[in-house]
Amino acid sequence: MRVAMIGTGYVGLVSGACFADFGHHVTCVDKDAQKIAMLERGEIPIFEPGLDDIVARNRAAGRLDFAVDLTAAVREADAVFIAVGTPSRRGDGHADLSYVYAAAREIAEAAQGYTVVVTKSTVPVGTGDEVERVIREARPEADISVVSNPEFLREGAAIEDFKRPDRIVVGTDDPRAREVMTQLYRPLSLNSLPLLFTSRRTSELIKYAGNAFLAVKITFINEIADLCEQVGANVQEVARGIGLDNRIGSKFLHAGPGYGGSCFPKDTLALTRTAQEAGTPLRIVETVVAVNDVRKLAMAKKVVSALGGEVRGKTAAVLGLTFKPNTDDMRESPALSIIHALLDKGMKIRAFDPEGMEEAKKLLPAAVTYTGGAYEAAEGADCLVIITEWDAFRALDFERLRKLMTQPVLVDLRNIYRPDEMTALGFAYESVGRGTTGADGAAIHGA
Ligand SMILES: NC(=O)c1ccc[n+]([C@@H]2O[C@H](COP(=O)([O-])OP(=O)(O)OC[C@H]3O[C@@H](n4cnc5c(N)ncnc54)[C@H](O)[C@@H]3O)[C@@H](O)[C@H]2O)c1
C-alpha cells in the first residue's frame, strides 16, 4: 500500500520507517526543509536507538522517501497519516490543533481517489469530526474516510513498541477504512496482534485515558515516596510489594523527580480541559497535574538540603538532562525546572547528558556549563545530582569521583545506588523515598 506520513518527528519518522519495513511504500513529509534535507543526506534528526538502520535499509530498498511538499505523496496514497505536533496551547492548556487542521486543509487539496485520512497525533475527543468537516468543506466531492489511530510508542524503545505493540486502536465505523487499516497492519497480525476497533471518539479518548492513568500511577508512587521518607519506610520495597499484585502491576512504580516528556504533561492537562468543558471534571487527573508540577521544585530543595541549606556559589554536577534515557528529547524534562531553581539559588551547574545537550542548550540559560562526561562534570563540584538514569551513570567510579569533587555528596533522584554502599564509600547520600529508622525506631529523614 502507499502511505503518506505528514509530520516527520519522533512519531512520524518511526511510524513511517516501520510501515516501510512492513513492505509498504511510504513518503514522510515535513514542512521543516532542514529536517528533510538531513534525512535525504542519510542523517537522522533525532536520537532513537535503531532508527538509523531501519531508515537506511528501507531507503536503499526504495520503499521510503522524503518530501517537503505533500501533494505528490497524498495524491497517490491509500492512507495519509497526520503525525504533526499537538503541543499545549499557551494560556489555557488545551491541545493546540492548528497544525492538525493546517495539515487537513492541505490533504484536502491534494487527495485523489479513495483516501483514508488517519489521525495519529494525540488529539482531543471530537477532533476527527472537525478534521472531516475541514476536508469536506474544502473538497465536498473528495472520497475520504477520517480515522483515529493513536500512537502508543515510547521514545527510547519506539521501534520495538511500533513493531510489537500491546494493541493497535483504530477508531472508525466505516468498513472501507477498516479494511485499509487492517491491510496496513496485517504484517503484525502474524503475531496475533490485538487490533481493537472502536468508534472514532472512543479511540481518541483511549489515548488520553491511557496516558492519564500512567501519570496517576507515577504520581501516586511519588507521593508514597514522600510518605516513606517521613515514616522510615522504603518506597522501592513498597513498589515491589504492591507491584507483585497482578491487579496493580510493577510498571510505572518507580519513584523519581516527577513525569516529564513530550506527552504526559500536555496530555494530562488537555484531558482536564476537555473534561471541564464537558461538565465532568476529572479531579484525580487535575490533582496529578498540580502534584507533579510542585514535585520538580521539591527535588531542587532536596539538593539544597543535602548541601546543608546554603548553596550560593556552590557547584552542582548534573548527570542526565533528558526526560528519560535513550532519547535526546528535552521537552518538559524535570531537569529544566530543577536546574532553573538551582541557578536561582545562586548555584553553578556543570551538566552532562549522553544525547540531550544540544537540545538542552536551546532551553537552559547560558550560565550552564556543558561537559564531556560524568567525571568532567564532577570536577570541583560540591554535589552530584543524577536526574536521568542513563546506563552510563549506573556504575560510576566513586573513588575517582570523590577525588575530583570538592565534597562527596550524591543526590540520586532515580534511586540507582544503595544508601549503605554510598555511605561506605564516604558519600553523603540523598535519594527518593528511602527513609530510615533510628535505634529507637523513630523515622530519620535521610537516604
Ligand atoms: N513523541 C512521542 O513519544 C509520542 C508518542 C505518542 C504520541 N505522540 C503524539 O504524536 C504527535 C507528534 O509528536 P512528535 O513527538 O512526533 O512531534 P514532533 O514535534 O517531533 O514532530 C512533529 C513534526 O510535524 C511537522 N509538521 C507540523 N505541521 C506540519 C505540516 N502541516 N506538514 C508537514 N509537517 C508538519 C513539524 O515540522 C515536526 O517535524 C503529537 O500529537 C504527540 O502527542 C507522541
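We count ligands from 1, going down the list as the structure has it; atoms in each ligand are counted the same way. This chain uses plain numbering: 1 for the first residue, then up along the sequence.
In this structure, Phe19 has its ring center under 6.0 Å from that of Phe162.
Of the protein's heavy atoms, Asp30 OD1, 2.6 Å lies nearest to atom 37 (O) of ligand 1. Nearest protein heavy-atom contact of atom 34 (N) of ligand 1 is Lys31 N, 3.3 Å. For atom 5 (C) of ligand 1, the nearest non-hydrogen atom of the protein is Leu153 O, 3.5 Å. Remark: minimum distance from atom 31 (N) of ligand 1 to any protein heavy atom is reached at Glu106 OE2, 3.6 Å. Nearest protein heavy-atom neighbour of atom 41 (O) of ligand 1: Thr86 OG1, 2.6 Å. The protein atom (non-hydrogen) at minimum distance from atom 22 (C) of ligand 1 is Gly85 N, 3.6 Å. Taking atom 9 (C) of ligand 1 as the reference point, the nearest protein heavy-atom neighbour is Thr122 OG1, 3.4 Å. Ranking the protein heavy atoms by distance from atom 26 (N) of ligand 1 puts Val84 CG1, 3.7 Å first.
Arg283 is linked by a salt bridge (Lys or Arg N to Asp or Glu O under 4.0 Å) to nothing, counting only residues two or more places apart in sequence or in another chain. For Asn149, the side chain to side chain donor-acceptor pair (under 3.5 Å) criterion is met by Lys120, Tyr185, not counting sequence neighbours.
Side-chain contact of Thr327 with Glu155: a donor-acceptor pair under 3.5 Å is present, judged by distance alone. Between the side chains of Asn292 and Thr219, not a single donor N or O lies within less than 3.5 Å of an accepting N or O. With 3.5 Å as the limit, one finds no donor-acceptor pair spanning the side chains of Arg200 and Ser203. A donor-acceptor contact closer than 3.5 angstrom links the side chains of Asp69 and Thr71. Side chain to side chain, Tyr10 and Arg331 fail the donor-acceptor criterion of an N or O pair below 3.5 Å. Side-chain contact, Gln183 with His24: no donor N or O sits under 3.5 Å from an acceptor N or O. Neither side chain, Tyr208 nor Thr268, offers a donor N or O lying under 3.5 Å from an acceptor on the other.
Atoms of ligand 1 lying under 4.0 Å from any heavy atom of Tyr10, numbered from 1 in the order shown and given with element: 1 (N), 15 (O), 16 (O), 20 (O). Near Glu151, with a cut-off below 4.0 Å to any heavy atom, the atoms of ligand 1 are 6 (C), 7 (C). Each of the following atoms of ligand 1 lies closer than 4.0 Å to a heavy atom of Ser262: 1 (N), 2 (C). For ligand 1, the atoms closer than 4.0 angstrom to any heavy atom of Lys207 are 6 (C). Contact atoms of ligand 1 toward Ile6: 32 (N), 33 (C) (distance under 4.0 Å to a heavy atom of the residue).
Contacts between Arg105 and ligand 1, counted as non-hydrogen atom pairs separated by less than 4.0 Å, are absent for every part of the residue. The side chain of Cys263, and not its backbone, has at least one atom closer than 4.0 Å to an atom of ligand 1 (non-hydrogen atoms only; side chain from C-beta on). Neither the backbone nor the side chain of Arg154 comes within 4.0 Å of ligand 1, counting heavy atoms alone.
Note on ring orientation: taking the six-membered ring where Trp is involved, the planes of Trp390 and Phe47 are tilted (angle from 30° to 60°).
The distance criterion of under 3.5 Å between nitrogen or oxygen atoms is not met by Asp329 with respect to ligand 1. At under 3.5 Å, a nitrogen or oxygen of Arg331, whether backbone or side chain, sits near a nitrogen or oxygen of ligand 1. Taking any N or O of Asp32, backbone or side chain, none lies under 3.5 Å from an N or O belonging to ligand 1. Polar contact check, Val11 against ligand 1: a nitrogen or oxygen pair lies under 3.5 Å apart. Residue Lys35 places at least one N or O, backbone or side chain, under 3.5 Å from an N or O of ligand 1. Inclusion of Asp267 in the set of residues having an N or O under 3.5 Å from an N or O of ligand 1 is not warranted. For ligand 1, the polar-atom distance check against Glu155 finds a nitrogen or oxygen pair separated by under 3.5 Å.
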task = Evaluate the salt bridge (charged side-chain N to carboxylate O under 4.0 Å, His left out) criterion for residues Arg133 and Glu130: first the C-alpha distance (whole Å), next the side-chain angles of each, then the deciding distance (0.1 Å), finally the verdict.
result = CA-CA 5 Å; Arg133 193 193 62 74; Glu130 186 60 15; 2.6 Å; yes
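Ligand 1 lies nowhere less than 4.0 angstrom from a heavy atom belonging to Ala102. Under a 4.0 Å heavy-atom criterion, Lys266 is in contact with ligand 1.
In this structure, Arg167 satisfies the cation-pi test against Phe152, with its NZ or CZ atom closer than 6.0 Å to the six-membered ring centre and inside 45 degrees of the ring normal. In this structure, Arg176 is positioned above the aromatic face of Tyr114, its NZ or CZ under 6.0 Å from the six-membered ring centre and within 45° of the axis.
For Lys345, the NZ atom counts as loosely surrounded, since its 6.0 Å shell holds 12 or fewer non-hydrogen atoms of other residues, nucleotides or ligands.
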